[in-house]
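For the numbers below, each heavy atom of this structure counts, side chains included, while hydrogens, waters and symmetry mates do not.
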Amino acid sequence: MTGVENRELIRELIADIPDFPKPGVTFYDMSPLLASPAGLRAAVAELVALAPEGIDVVVGMEARGFILASPVALELGAGFVPVRKPGKLPGDLYVEQFALEYGHETLTIKTDAVLPGARVLVIDDVLATGGTVGATAALVNRLGAELVHVAVLMELGFLPGGEKLDELGIGYSAVVTI
């Protein structure tokens, strides 16, 4: 399939769920995409295509970012490092708090998860307000690694996430914009 065909399939397989997790919020459910072998293959292929060369580590955030970041890491011949919510990782951790579209959250990463100077690609499912990616970028920076690029499956163009990443000097790209 071509990139255009992949992106069309991806958008067709993302379900819009109104009023979840609270009234007035639309949740973009990628479960149908993941359940489709062709859809999942298309999503991974398009994320890999957005990756710069020379990536050492792919970082994915809990929980849906894990699903996409792991196969992208394999395709790139890179390692995978999870960014988790509190209480999920053992050992010494860096912690970052941030605001979400509909609340607040905290993310953690092991202090030895990535070597200083490693070239990091961050993968996530959705870019909304930029809070999750911004917090993850801060964690990557605290590790002394180089955040090379952020790639997301879908960007919610009606929210300010892209503007926030631009303000933070974080380069990013999205497979589809909603």
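From Ile14, atom CD1 reaches atom OG of Ser31 across 11.0 Å, with rounding to the nearest 0.5 Å. Atom CG of residue Asp125 and atom OH of residue Tyr28 lie 13.0 Å apart, to the nearest 0.5 angstrom. How far CG of Leu33 is from CG of Leu9: 7.0 Å, rounded to the nearest 0.5 Å. Taken to the nearest 0.5 Å, the CZ atom of Arg41 stands 13.0 Å off from the CD atom of Glu46. For the atom pair Met61 CE and Leu139 CG, the distance stands at 9.5 Å (nearest 0.5 Å). Taking OH of Tyr94 as the reference point, atom OG1 of Thr111 lies at 5.5 Å (rounded to 0.5 Å).
Atom CG of Asp92 has 12 or fewer heavy atoms from other residues, nucleotides or ligands within 6.0 Å. For Glu5, the CD atom sits in a packed shell: over 12 heavy atoms of surrounding residues, nucleotides or ligands are nearer than 6.0 Å.
A pairwise comparison of heavy atoms in Gly60 and Phe66 identifies O-CE2, 3.4 Å as the closest pair. The shortest heavy-atom contact between Ala45 and Asn6 is CB-ND2, 4.2 Å. The minimum heavy-atom distance linking Pro32 with Ala15 is given by the pair CG-CB, 4.2 Å. Summarising the geometry of Ile109 relative to Pro82, their closest heavy-atom pair is CG1-O, 4.1 Å, with the distance given to 0.1 Å. When every heavy atom of Phe80 is checked against every heavy atom of Ala73, the shortest pair comes out as CB-CB, 4.0 Å. Taking every heavy atom of both residues into account, Phe158 and Ile178 meet most closely at CD2-O, 3.7 Å.
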Give the intermediate values and the outcome of side chain to side chain contact (heavy atoms under 4.5 Å, CB included) for residues Lys110 and Leu93. CA-CA 4 Å; Lys110 292 179 67 76; Leu93 306 172; 3.8 Å; yes
Please step through side chain to side chain contact (heavy atoms under 4.5 Å, CB included) for the pair Leu153 and Met30, ending with a clear verdict. CA-CA 10 Å; Leu153 182 65; Met30 66 180 209; 4.0 Å; yes
Walk me through whether Leu68 and Asp124 qualify under side chain to side chain contact (heavy atoms under 4.5 Å, CB included). CA-CA 7 Å; Leu68 298 171; Asp124 205 6; over 6 Å; no
Between Gln97 and Glu105, is a side chain to side chain contact (heavy atoms under 4.5 Å, CB included) present by the stated rule, with each step listed? CA-CA 6 Å; Gln97 295 182 338; Glu105 189 59 79; over 6 Å; no
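Identified under the side chain to side chain donor-acceptor pair (under 3.5 Å) test for residues 139-150, with sequence neighbours left out: His149-Ser173.
Contact check on Asp29 versus Arg64 returns no salt bridge, with no Lys/Arg side-chain nitrogen under 4.0 Å from an Asp/Glu carboxylate oxygen.
In the hydrophobic clustering of ILVMFWY residues, with side-chain heavy atoms under 4.5 Å counting as a link, Met1 and Val72 come out together. Val95 and Leu89 fall into different hydrophobic clusters, where Ile, Leu, Val, Met, Phe, Trp and Tyr residues are linked whenever their side-chain heavy atoms come under 4.5 Å apart, directly or through other members. With hydrophobic clusters built from ILVMFWY side chains whose heavy atoms lie under 4.5 angstrom apart, Leu74 does not share a cluster with Val48. Cluster annotation: Val122 and Leu115 are assigned to distinct hydrophobic clusters (Ile/Leu/Val/Met/Phe/Trp/Tyr, side-chain heavy-atom contacts under 4.5 Å, transitive).
Side-chain atoms of Leu121 and Val57, non-hydrogen and from C-beta on, never get closer than 4.5 Å to each other. Between Ile17 and Thr26, the closest side-chain pair of non-hydrogen atoms is not below 4.5 Å. Using a 4.5 Å heavy-atom threshold, the side chains of Glu96 and Thr108 count as separate. Residues Leu127 and Leu156 have side chains not in contact (no heavy-atom distance under 4.5 Å, counting atoms from C-beta outward). In this structure, Asp56 and Val120 have side chains that are not in contact, with every pair of non-hydrogen atoms separated by 4.5 Å or more. Using a 4.5 Å heavy-atom threshold, the side chains of Val176 and Glu155 count as separate. With contacts defined as side-chain heavy-atom distances shorter than 4.5 Å, the pair Val152/Val175 does not qualify. Residues Asp166 and Tyr172 meet the side-chain proximity criterion, which asks for heavy atoms closer than 4.5 Å.
A donor-acceptor pair under 3.5 Å is absent between the side-chain atoms of Arg11 and the main chain of Arg7, judged by distance alone. The backbone N or O of Gly87 sits nowhere less than 3.5 Å from a side-chain atom of Arg84 that would complete a donor-acceptor pair.
None of Val58, Val59, Val140 except one satisfies the side chain to side chain contact (heavy atoms under 4.5 Å, CB included) rule with Val81; the exception is Val59.
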